[in-house]
Amino acid sequence: MPQPDRWIAHLDMDAFYASVELLRYPQLKGEAVVIGGRRADAPRQREDGSWQYARLRDYTGRGVVTTSTYAARDLGVFSAMGLMKAALRAPDAILLPADFDSYRKYSRLFKAAVAEVAPVIEDRGIDEIYIDLTDVPGVRDAVGHDPLGGVKAVAREIKNSVWRATGLTCSIGITPNKLLSKIASELDKPDGITVLTLADIPARIWPLAVRKINGIGPKAGDRLVKLGLQTVGDIAAADPRWLIEQFGESYGHWLHNAAHGRDSRPIVTHSEPVSISRETTFERDLHAVHDKALLGGIMDELCERLAQDLARKRYAGKTVGIKLRFEGFVTVTRDQTLKTPILTAADIRHAAGLCLKRVKFDKRLRLMGVRIGNLVHASEVPPAVPAAERAKAPERENLSLF
DNA sequence: TCTGGGGTCCTAGGACCC
DNA sequence: TCTGGGGTCCTAGGACCC
């Protein structure tokens with residue numbers, strides 16, 4: 001049987017945020033625990049040494065579930081679910097606030113541990129990565145006699161390295177490409193290793209629901225099911241011309257290829273950010289006129305934080321955009337490209353003010369955000385005009401809506 | 001008792017230029 | 001003076017992912 005030209009791994013940390021919390025609160029192992037909510041109370045220890053936790057049933061507000069332990073998932077509580085809805089399903093579940101500094105720390109630790117075994121890594125966020133194993137010695141040397149054995153041994157080595165560095169488990173899928181590996185890493189979760197070749201596609205991939213493919217989301221998934229295609233195998237068996245008629249040239253082709261397990265995307269070890277943003281959902285919907293001062297202050301703060309992000313990462317940007325979400329969840333964006341890159345909070349605020357003027361405020365607002373794109377490295381930005389001169393600019397004041 | 005926050009990529013129309 | 005065809009940039013919205 002011909003061997004694949006690449007061995008690509010997808011590594012996914014098991015219930016990552018929840019598992020990091022369990023390192024801190026090991027007494028919660030096996031409990032239904034939910035991470036989420038902006039102001040959930042942290043656990044506190046009573047005088048007698050016992051712990052007191054916030055419970056899901058006591059939560060009020062607009063938060064969503066960020067992660068849940070496997071025990072909570074058994075009760076029907078999943079990521080992105082509204083906390084109020086989750087509370088109906090698991091009122092007694094323990095609610096912990098998210099601690100992103102801690103998660104980022106463990107993220108760096110596990111990625112460094114993987115890099116010691118296999119250095120060609122593509123970052124896919126805080127809790128998952130792709131790894132090119134093709135040239136890792138234990139894999140390369142096994143080509144010809146026992147390729148699958150070599151791949152599995154390296155996978156075990158990676159898992160051990162992650163465990164030693166963090167005390168956390170992960171699941172790994174290894175196949176000839178990213179698309180299949182992403183699916184494979186979920187087939188034996190938690191703490192599993194799944195190795196597949198192209199020959200395994202009919203038996204292992206085709207029975208899966210279409211939504212298991214990374215790139216088929218809620219909308220496309222619904223449409224496929226309505227068209228009678230429930231499984232990946234159903235897509236694979238469909239006439240590609242018909243798929244193109246239904247989904248367009250680009251997505252139709254992609255669906256056909258994906259269902260057959262074809263994907264030639266490379267591992268990307270370095271990338272530059274495209275945009276940076278900050279947004280916030282309000283506790284209650286706000287009125288553009290009645291809450292004008294409050295909204296103005298929130299916009300000031302978002303621009304301030306965005307400017308700090310830019311400074312920390314040493315970028316400036318030419319395009320400033322705002323995002324508004326109204327009651328009813330209707331989202332509107334406006335953006336504006338400037339002649340030169342900017343990076344200060346005042347410049348961002350000014351551009352955001354111009355964008356705000358182009359929006360009709362006929363409903364209450366639930367979210368406001370600011371984004372900066374068209375990024376350049378800060379070193380490429382021409383020297384700033386001195387603040388004293390800028391203050392003279394006539395249009396500086398009274399331009400913004402809020 | 002709906003629906004966070006930070007991203008990427010794609011599409012499609014219009015402006016503008018050659 | 002009744003109408004082409006690219007290419008690129010900008011803008012708005014939307015799908016999708018972690």
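Just so you know, these numbers come straight off a predicted model, no measurement behind them.
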>> Nearest to the A/Arg278 side chain among C/dG13, B/dG4, B/dG6, which nucleotide is it?
In response: B/dG6

> With respect to the side chain of A/Lys219, which nucleotide from C/dC16, B/dG7, B/dT1 is positioned closest?
Replying inline: C/dC16

>> Using Watson-Crick or G-U wobble geometry with both distances under 3.5 Å, which nucleotide pairs with C/dC18?
In response: B/dG5

> Under 4.0 Å between a side-chain N/O of A/Arg223 and OP1 or OP2 of C/dA15, yes or no?
Replying inline: no

> Does a nitrogen or oxygen in the side chain of A/Ser250 sit under 4.0 Å from OP1 or OP2 of B/dT11?
Replying inline: yes

> Does any donor atom in the side chain of A/Ser185 or A/Asp12 lie under 3.5 Å from an acceptor atom in the other side chain?
Replying inline: no

> To the nearest angstrom, how far is A/Leu367 atom CG from B/dG6 atom C1'?
Replying inline: 12 Å

>> Whole angstroms only, please: what is the NZ-P distance between A/Lys212 and C/dC17?
In response: 12 Å

>> Taking the nucleotide of DNA chain B with the nearest heavy atom to each, does A/Lys323 or A/Ala87 sit closer to the 5' end?
In response: A/Ala87

> Phosphate oxygens OP1/OP2 of B/dG7: is one of them under 4.0 Å from a side-chain N or O of A/Arg124?
Replying inline: no

>> Is the phosphate of C/dC9 approached by A/Asn374 (side-chain N or O, under 4.0 Å from OP1 or OP2)?
In response: no

> CD1 of A/Ile216 versus P of B/dC9: gap in Å, rounded?
Replying inline: 20 Å

> Which part of the nucleic acid, if any, lies within contact of A/Val274, taking any heavy atom under 4.0 Å across all strands shown: a base, the sugar-phosphate backbone alone, or nothing?
Replying inline: sugar-phosphate

> Considering only C/dG13, C/dC18, B/dG4, which nucleotide approaches the side chain of A/Ala80 most closely?
Replying inline: B/dG4

> Within the pair A/Thr280 and B/dG4, is there a side-chain N or O less than 4.0 Å away from OP1 or OP2?
Replying inline: no

> Taking OP1 and OP2 of B/dG6, is either one under 4.0 Å from a side-chain nitrogen or oxygen of A/Arg371?
Replying inline: no

> Counting distance only, does the side-chain N/O of A/Ser50 pair as donor-acceptor with the main-chain N or O of A/Arg46 below 3.5 Å?
Replying inline: no

> From B/dT8, C/dC18, C/dT11, pick the nucleotide closest to the side chain of A/Asp127?
Replying inline: C/dC18

> Does the side chain of A/Tyr53 pick up a donor-acceptor pair with the side chain of A/Glu31 at under 3.5 Å?
Replying inline: no

>> Looking only at the side chain of A/Tyr251 (C-beta and beyond, no hydrogens), which of the listed nucleotides C/dC18, B/dG5, C/dC16 gets closest?
In response: C/dC16

> Can you check whether A/Arg366 has a side-chain N or O nearer than 4.0 Å to OP1 or OP2 of B/dT3?
Replying inline: yes

>> Quick check on DNA chain C: between A/Val332 and A/Lys318, whose nearest nucleotide comes earlier from the 5' end?
In response: A/Lys318

> Do any side-chain nitrogens or oxygens of A/Ser277 fall under 4.0 Å of OP1 or OP2 in B/dG7?
Replying inline: yes

> Using a cut-off of 4.0 Å on non-hydrogen atoms, how would the nucleic acid contact of A/Lys313 be classed: base, sugar-phosphate, or nothing?
Replying inline: sugar-phosphate

>> Could you tell me how far apart A/Arg325 (CZ) and B/dC2 (P) are, to the nearest whole angstrom?
In response: 16 Å

>> Classify A/Leu302 by what it touches in the nucleic acid, base, sugar-phosphate, or nothing, heavy-atom distance under 4.0 Å.
In response: nothing

> Does OP1 or OP2 of B/dT1 have a side-chain N or O of A/Thr60 closer than 4.0 Å?
Replying inline: no

>> As a test of reading the structure: which of C/dT11, B/dG4, C/dC17 is closest to the side chain of A/Asp335, going by heavy atoms?
In response: C/dT11

>> For the P atoms, the ones on B/dC16 and on C/dT3, what distance do you get once it is rounded to whole angstrom?
In response: 23 Å

>> Which is more 5' along DNA chain B, the nucleotide nearest A/Asp309 or the one nearest A/Leu83? Just name the residue.
In response: A/Leu83

> So does A/Thr66 get a side-chain nitrogen or oxygen closer than 4.0 Å to the phosphate oxygens (OP1/OP2) of B/dG5?
Replying inline: no

>> Can you measure A/Asp99 atom CG to B/dG4 atom C1' for me and round it to whole angstrom units?
In response: 17 Å

> For A/Phe247 and C/dA15, what is the distance between atoms CZ and P respectively, to the nearest whole Å?
Replying inline: 13 Å

> What does A/Lys182 touch in the nucleic acid at a heavy-atom separation under 4.0 angstrom: a base, only the sugar-phosphate, or nothing?
Replying inline: sugar-phosphate

> Mind checking whether A/Phe100 and A/Tyr103 have ring centres under 6.0 Å apart?
Replying inline: yes

>> How many whole angstroms separate atom CD of A/Glu279 from atom P of B/dT8?
In response: 13 Å

> Hey, is CD on A/Glu301 packed in by over 12 heavy atoms from elsewhere, all under 6.0 Å?
Replying inline: no

> Quick one: is A/Arg334 getting a side-chain N or O under 4.0 Å of the C/dG13 phosphate, OP1 or OP2?
Replying inline: yes

>> Whether the A/Asp191 and A/Ser171 side chains hold a donor-acceptor pair (N or O, under 3.5 Å, no angle test) is what I'd like checked.
In response: no

> Does a donor on one side chain sit under 3.5 Å from an acceptor on the other, for A/Thr319 and A/Asn374?
Replying inline: yes

> Which nucleotide in the list C/dT11, B/dT3, B/dT1 gets nearest to the side chain of A/Arg358?
Replying inline: C/dT11

> Just how far, in rounded Å, is P of B/dG7 from CD of A/Glu122?
Replying inline: 17 Å

>> Checking the side chain of A/Glu327 only, and the main-chain atoms of A/Arg364 only, is there a donor and an acceptor separated by less than 3.5 Å?
In response: yes

